[in-house]
Structure formats: C-alpha cells, structure tokens
Amino acid sequence: MDSYAVRLYYPFKLKNCSSFWNKTPQLHFLSSSFPSKNSRTLFQLENSRGSSAHKNTAFDDAAFEAERLRLDAEARETMAETSRREMDRHNEDDPKAWKWVIRKRIWDTMEAQNFAQNPRPVHHRIPNFVGASVAAYKMRELDVFRDAQCVKVNPDSPQKQVRFLTLSDGKKLLTPQPRLRTGFFSVLESNMLTPAAIKEACTSVGVAKHGKPIGLDEKLKVDLIVIGSVAVDPKTGARLGKGEGFAELEYGMLRYMGAIDDSTPVVTSVHDCQLVDDIPVEKLLIHDVPVDIICTPTQVIFTNTSIPKPQGIYWDKLSPEKLGQIRILRELKRRIERQTNQKLPTGPSEKLPPTAQRRR
C-alpha cells in the first residue's frame with residue numbers, strides 16, 4: 001500500500017481531484033483529530049488500491065498547469081476590474097482622475113503584453129517588469145550611483161536588484177519599512193552582513209532581520225534616492241506612483257530630517273512601456289516628486305527636470321485617512337505642534353485607493 005505525506009495549514013475539504021489524476025485513489029485520514037486554523041499537522045494519505053494501482057495515478061502536469069494558469073488569469077482579471085472601478089469612481093471634478101487613467105493604461109498594457117513579472121497582477125503595485133535587473137545594472141554605471149555612500153531605495157520588487165547592488169558595492173542602504181504603517185526607515189550596512197545575508201537583506205523579511213530601525217532624530221546624509229514608478233515622462237521628469245502617496249511622504253520626511261535637499265538626485269527604473277508623454281505638468285500637485293534620471297532595460301535618460309521638488313510635508317494636503325495609516329507621521333505632527341505651540345492644518349478627507357494583496 002502506497003503512503004503519501006502532505007502538510008495541511010488550515011482546515012479543508014477534500015474534493016474530487018479527477019482533473020489532476022487519471023484515477024482517483026481512495027483517501028483516508030489516519031488521525032481523527034482535526035487541526036486548528038494555525039496548526040501545521042502531518043496527515044498520511046493511503047491509496048487503498050495498492051501499489052499496482054499507483055502506476056496508473058501519475059500526476060498530470062499539463063492539467064495542473066492549465067488549472068494554475070486559469071486561476072492566475074482570474075486573479076489578474078479581478079485586479080483589473082478593481083482598477084476599472086477605481087477609475088470610474090473618479091469623476092471629472094476630481095483633480096486626480098487623469099492619474100488613474102494613465103495608471104490603468106500602463107497596468108493593462110504590462111499584463112496584456114506580458115511585460116510584467118511576479119508579483120502579479122501588477123495593478124495597484126509599482127509593477128515588477130521584465131528586464132528590471134538589466135535596468136538596475138545600468139543604474140549602477142551612473143556616476144551618481146558610484147559616488148553615493150548612502151542610497152535610499154524603495155522596497156518594491158522591481159528595485160530589489162538595486163538594493164542588492166547598493167549593499168554589494170559597500171554602500172549604506174536606507175529603505176522604508178513597507179507602507180510605513182508600523183515603522184519608519186531601516187538602515188543596512190554591508191560590512192555588518194555576510195555575503196549570504198546580503199541577498200536576504202534585500203527582502204522585507206531581511207530588512208526586519210538585519211536592518212537597524214531609525215527614528216526622526218537620526219543624523220544621516222542620503223546621496224541618492226531611487227524611487228519606483230508606474231509611469232514617467234522622459235521629457236519633463238514628471239512621475240506617477242501607484243496612488244498611495246508613500247514615496248512623497250518618505251521624501252518629505254527626509255527633507256524634514258535634513259537628510260536630502262534639492263540637489264539630491266532622484267532616479268527611477270522602469271520598463272520602456274512605462275515611458276509616457278501625457279502627464280500634464282500643470283496638474284501635478286506640490287508634493288509630487290519629479291525624477292532626474294530614468295533607467296530602463298534599453299536606455300538611460302537624463303530628464304533635466306524643471307519641476308520643483310517638495311520642500312517637506314504639506315500638512316494641508318494630508319488627509320485624516322492617510323495620517324491615520326502612518327504612525328510616524330502622527331508622531332511628527334505632534335512633535336511639530338509641541339515645538340511651535342500651534343496646531344497644524346489637516347487636508348481634506350479622501351477615500352484611499354485599493355492596495356494590491358500581499359501573499360503571506
């Protein structure tokens with residue numbers, strides 16, 4: 001009798017798996033106890049027809065892959081539909097409506113043309129793109145990257161190789177903790193990491209494990225900012241993120257700390273399909289961050305942007321909903337109000353955009 005061991009992570013119901021096996025073996029639990037939701041219990045499954053029957057129950061790779069692709073397509077369509085609803089939610093009176101039109105076009109194009117890499121679907125993300133590592137190596141060749149001692153890099157997937165090269169080249173890496181909801185920035189230094197740990201340190205888990213959390217009083221100088229983008233205009237340097245505003249808030253807080261100024265270069269890496277020419281500069285908001293240099297898998301573009309860079313946090317633009325998301329911002333607001341003995345303004349209320357699901 002053949003036996004198989006499978007790991008169960010949560011309660012489930014066995015279903016007919018005839019689409020994956022030519023003949024479905026009869027399966028029996030050997031233990032009557034059922035696991036709790038968070039337990040990890042090993043069950044044994046038996047083929048009651050014996051080992052001779054097992055020869056006819058080979059796993060059907062083609063059927064499994066077809067099912068996986070079907071479910072993946074459904075997930076992409078669900079996220080695309082969410083994006084469509086988000087765009088429809090904005091009306092002509094909304095000053096941000098035009099941004100969602102461009103974002104949706106880029107996300108849809110990357111999925112349709114297969115320019116996207118995991119995590120997918122790319123809707124409501126800084127999209128991971130084919131050739132992201134090539135673009136990272138082009139960035140590495142820039143003088144501003146070579147000369148930088150401390151580089152701030154966003155935590156998104158397409159810039160993972162940039163984070164790796166920053167540490168591999170002996171630089172200090174400053175990276176925000178994801179979405180700033182539980183923390184602020186973490187600093188990683190290559191001389192504190194083994195070669196094996198450097199690769200791990202480029203992930204969110206590795207940042208939590210190896211990074212040194214810093215606060216608002218940390219004294220540091222950032223020589224280069226690497227920022228993720230959904231769309232960017234190579235002629236003007238105008239940039240669109242995924243709509244959550246974290247890159248702008250991170251930039252504003254670094255300005256408050258004195259870690260950067262107008263001369264600090266801002267670089268982004270994107271796929272060539274993310275280059276656009278229809279971002280109206282006159283409609284950009286005061287806190288939108290322009291980019292100085294764009295790296296794609298095929299080219300490096302110096303934008304010579306004339307768009308002013310944000311000077312800090314614009315509290316009159318910051319909604320109560322966004323402030324409620326970010327603990328460090330609330331701490332900063334209370335600090336400034338205590339120091340000035342004046343209450344800071346609050347921006348208008350907003351409905352926050354949907355966020356892409358993160359796999360656990």
Side-chain angles (χ1 to χ4, degrees), residues 83 86-87 90 92-107 124-127 152-156 158-159 176 179-180 222 224-257 259-270 274-295 301-319 321-323 325-326 329 332 344-353 355:
S83 180
E86 178 64 22
M87 190 182 72
H90 295 280
E92 294 180 357
D93 296 329
D94 189 332
K96 298 179 182 179
W98 61 271
K99 291 185 176 182
W100 287 103
V101 173
I102 297 174
R103 289 183 183 115
K104 181 182 179 300
R105 187 183 76 223
I106 296 299
W107 287 326
H124 299 282
R125 303 181 193 273
I126 297 296
K152 183 265 182 186
V153 187
N154 58 297
D156 301 286
Q159 283 73 44
R179 289 183 172 151
L180 298 179
V222 175
L224 179 67
I225 291 177
V226 179
I227 193 170
S229 302
V230 172
V232 62
D233 189 327
K235 293 183 179 179
T236 65
R239 165 201 170 270
L240 297 182
K242 61 181 179 288
E244 293 186 292
F246 287 103
E248 288 75 16
L249 293 171
E250 293 159 10
Y251 187 94
M253 284 186 281
L254 289 174
R255 288 297 293 249
Y256 169 83
M257 296 169 64
I260 60 174
D261 56 30
D262 282 340
S263 66
T264 308
V266 178
V267 187
T268 192
S269 58
V270 296
Q274 294 174 257
L275 301 176
V276 301
D277 60 3
D278 57 345
I279 299 179
V281 173
E282 68 278 4
K283 290 187 178 181
L284 293 177
L285 303 177
I286 193 171
H287 57 263
D288 287 328
V289 180
V291 301
D292 300 291
I293 306 173
I294 305 168
C295 295
I301 303 166
F302 293 83
T303 68
N304 299 311
T305 183
S306 60
I307 301 171
K309 291 178 179 174
Q311 301 300 298
I313 300 292
Y314 296 94
W315 299 100
D316 59 334
K317 309 294 183 185
L318 187 61
S319 71
E321 291 80 8
K322 180 61 70 177
L323 187 65
Q325 276 191 330
I326 305 174
L329 269 182
L332 176 58
L344 291 171
T346 301
S349 181
E350 67 172 328
K351 181 179 179 181
L352 298 176
T355 59

Discussion item. To the nearest 0.5 Å, what is the distance between CE on Met257 and CG on Leu332?
Written reply: 10.0 Å
Worksheet item: What's the shortest heavy-atom distance between Ile294 and Pro234, and which atoms?
Response: CD1-CA, 3.6 Å
Worksheet item: Would a distance-only check, ignoring hydrogens and angles, find a side-chain to backbone donor-acceptor pair under 3.5 Å from Asp261 to Ser263?
Response: yes
Discussion item. With salt bridge (Lys or Arg N to Asp or Glu O under 4.0 Å) as the test, pick out the partner of Asp278 among Arg105, Lys99, Lys283.
Written reply: Arg105
Practice prompt. Return the minimal non-hydrogen interatomic distance between Val230 and Ile106, and the atom names on each side.
Written response: O-CG2, 3.4 Å
Worksheet item: Any side-chain heavy atom of Val291 within less than 4.5 Å of one from Thr305?
Response: no
Worksheet item: Okay, side chain of Gln274, backbone of Ser229: is any donor-acceptor separation there less than 3.5 Å?
Response: yes
Worksheet item: Between Ile326, Leu329, Thr346, which is the residue that forms a side chain to side chain contact (heavy atoms under 4.5 Å, CB included) with Leu318?
Response: Leu329
Practice prompt. Please confirm whether the backbone N or O of Lys242 pairs with a side-chain atom of Arg125, one donor and one acceptor, at under 3.5 Å?
Written response: no
Worksheet item: At their closest point, which heavy atom of Arg103 faces which heavy atom of Gly243, and how far apart are they?
Response: NH2-CA, 3.4 Å
Discussion item. Between Ile227 and Gln159, does the side chain to side chain contact (heavy atoms under 4.5 Å, CB included) criterion hold? Intermediate values first, please.
Written reply: CA-CA 8 Å; Ile227 193 170; Gln159 283 73 44; over 6 Å; no
Worksheet item: Hey, are the side chains of Tyr256 and Ile313 touching, using non-hydrogen atoms and a 4.5 Å cut-off?
Response: no
Worksheet item: Roughly how far, to the nearest 0.5 Å, is CD1 of Ile293 from CG of Leu224?
Response: 7.5 Å
Item to complete: Working to the nearest 0.5 Å, report the span between CG of Leu323 and CG of Leu344.
Response: 10.0 Å
Worksheet entry | Flag side-chain contact, heavy atom, 4.5 Å: Glu248 against Asp288 | yes
Discussion item. Which heavy atom of His124 sits nearest to which heavy atom of Trp100, and what is that distance?
Written reply: CE1-CZ3, 3.6 Å
Worksheet item: When you look at Asp262 and Arg255, which way does the side chain to side chain contact (heavy atoms under 4.5 Å, CB included) test go after all the steps?
Response: CA-CA 9 Å; Asp262 282 340; Arg255 288 297 293 249; 2.9 Å; yes
Worksheet item: Atom CD1 of Ile279 and atom NZ of Lys235: how far apart are they, to the nearest 0.5 Å?
Response: 13.0 Å
Worksheet item: Can you check whether Thr264 reaches Lys152 side chain to side chain, under 4.5 Å on heavy atoms?
Response: no
Discussion item. Using side-chain heavy atoms (C-beta onward) and a distance below 4.5 Å, is Ile286 in contact with Pro310?
Written reply: no
Worksheet item: Given side chains that start at C-beta, do those of Leu275 and Val232 come closer than 4.5 Å, heavy atoms only?
Response: yes
Worksheet entry | NZ/NE/NH1/NH2 to OD/OE distance under 4.0 Å, Glu350 and Lys317 | no
Item to complete: In plain terms, say whether Asp292 and Lys309 are close enough for a salt bridge, that is, a side-chain N and a carboxylate O under 4.0 Å apart.
Response: yes
Worksheet item: Checking Glu321 side chain against Ser349 main chain: does a donor-acceptor pair fall under 3.5 Å?
Response: no
Fill in: For the student: nearest non-hydrogen atoms of Gly241 and Ile126, plus distance
CA-CD1, 4.3 Å
Discussion item. Less than 4.5 Å apart, side chain to side chain, heavy atoms only: is that true for Val266 and Tyr251?
Written reply: yes
Discussion item. Do Asn154 and Val226 have side chains that approach each other closer than 4.5 Å (heavy atoms only, starting at C-beta)?
Written reply: yes
